Number of protein chains: 2
Amino acid sequence: MSNDVHLKEALDTLKTTGVRITPQRHAILEYLINSMIHPTADDIYKALEDKFPNMSVATVYNNLRVFREVGLVKELTYGDAASRFDFVTNDHYHMICESCGKIVDFHYPGLNEVEQFASHVTGFQVNSHRLEVYGTCQNCLTGQNKQAL
Amino acid sequence: MSNDVHLKEALDTLKTTGVRITPQRHAILEYLINSMIHPTADDIYKALEDKFPNMSVATVYNNLRVFREVGLVKELTYGDAASRFDFVTNDHYHMICESCGKIVDFHYPGLNEVEQFASHVTGFQVNSHRLEVYGTCQNCLTGQNKQAL
DNA sequence: ACACTAATTATAACGATTATAAATTAAATT
DNA sequence: AATTTAATTTATAATCGTTATAATTAGTGT
């Protein structure tokens, strides 16, 4: 599915949910959809400061929260470090480079059985799960491109 | 394996690694091993303030970092919210109640194949993975014990 | 017991995120 | 198109978890 369609559908979702479509929201969504880097709030803020010189960081955070609540966006949290935001398309997991911080999507089928198993042993009603794989990317393995996570 | 043995082994690990065993470290380790709540740094700080009225929060954080580096402790990060710390015994995953924040351990075999698969598709060299299942615990399902996460 | 170095303490600083209040604006209604 | 109103944005300050700093204290091998 093309990015244009994704954007159009996202805007529809907002309309349906009664969330106003402001230029800032439009731009943030567009950036999120086209971005491949799983950006932080600050990445987005910086990327849009040419188009919106007066936009506040709070606006970015506020709208990312709105998008998350509506289900358009997933927040990936990393302790003290800044959260990264991911436009929701279809289910995928993340492979994270511990050397340079790069995040690569990968698809993997049914971890439903893990959910079922966990539900059975703990007695919890399961809603979702989170899986991340950590390692080192090819770039970092061959020595180039070192930078802090 | 009993908690006493765990503590003794942990102290051995420290000795072997050349990490000094201070009363504070002893107490933090002991608390971590006996605690079932996957405490935050602040939980630990508060729990030990009777025994160590002059202990600094920094000491707790410093030592948790040391323990993590030596492999005795795992840090579970949750975005803006405080990290929780888990004494490493054998491999297990976490079931997290989204209503009250309770964390329950559960064991599950080989997710190695996921690691292998991910490594294959992404070209990363895999080090580890993280899996968490989210849901609602029995207590919260039946309505009691509501509190913020 | 001594000396050497690491660990602790107290405090300030940091960075990500959120709360607040005033100003602006999207969009429903006329 | 003008009006209205509540939602949104902005600017700023505040919050909270965590880390850096520098001075003091205390483990541990000799």
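Naming: A, B, ... by sequence-line order, numbering from 1 per chain. No experiment lies behind these values; they were computed from the predicted model shown.
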B/Ile21 CD1 to C/dT8 C1', straight-line distance once rounded to whole Å: 16 Å

Residues of residues 47-72 of chain B with a heavy atom under 4.0 Å from any atom of DNA chain D, listed by number, are B/Ala58, B/Tyr61

Report the C-alpha distance between A/Lys46 and A/Asp42 in whole Å, list the side-chain angles of each, state the deciding distance to 0.1 Å, and finish with yes or no for salt bridge (charged side-chain N to carboxylate O under 4.0 Å, His left out). CA-CA 6 Å; A/Lys46 290 217 176 73; A/Asp42 201 58; 2.4 Å; yes

CG of B/Leu48 to CG of B/Asp43, rounded to nearest 0.5 Å, is 10.5 Å

Is A/Glu30 close to A/Asn3 at the side-chain level, that is, under 4.5 Å between some pair of heavy atoms? no

Specify the residue among B/Arg20 and B/Thr40 whose closest nucleotide of DNA chain D lies further upstream toward the 5′ end. B/Thr40

Atom pair distance, as rounded to whole Å: OH in B/Tyr45 and C1' in D/dC16: 15 Å

Write down the distance between CZ (A/Arg84) and C1' (C/dG15), rounded to a whole number of angstrom. 16 Å

Which residue in the set A/His107, A/His129, A/Glu132 passes side-chain hydrogen bond (donor to acceptor under 3.5 Å, both in side chains) when paired with A/Tyr93? A/His129

Using atom CG of B/Asp42 as one end and atom P of D/dT15 as the other, report the distance to the nearest whole Å. 16 Å

Closest to the 5' end of DNA chain C, once B/Arg25 and A/Pro23 are matched to their nearest nucleotides, is B/Arg25

Nearest whole Å is fine: how far is C/dA6 P from B/Gln24 CD? 17 Å

Could you give the CD1-to-P distance, from A/Ile28 to D/dT8, as a whole number of Å? 12 Å

N/O donor-acceptor pairs under 3.5 Å from side chains in residues 58-67 of chain A, not counting sequence neighbours:
unit_1  : atom_1 : unit_2  : atom_2 : d
A/Asn62 : OD1    : A/Arg65 : NH2    : 3.2
A/Asn62 : ND2    : A/Ala58 : O      : 3.2
A/Asn63 : OD1    : A/Arg25 : NE     : 2.8
A/Asn63 : OD1    : A/Arg25 : NH2    : 3.2
A/Asn63 : ND2    : A/Thr59 : O      : 3.2

Using whole Å, report how far CG of B/Asp43 lies from C1' of D/dG17. 13 Å

First locate atom CG of B/Leu76, then atom CD1 of B/Ile96, and finally report the distance between them rounded to the nearest 0.5 Å. 7.0 Å

B/Ser83 side chain near D/dG17 phosphate (N/O to OP1/OP2, under 4.0 Å): no

Would you say B/Phe106 and B/Phe87 are hydrophobically clustered, going by side-chain heavy atoms of ILVMFWY under 4.5 Å? no

For B/His26 and C/dA7, what is the distance between atoms NE2 and P respectively, to the nearest whole Å? 17 Å

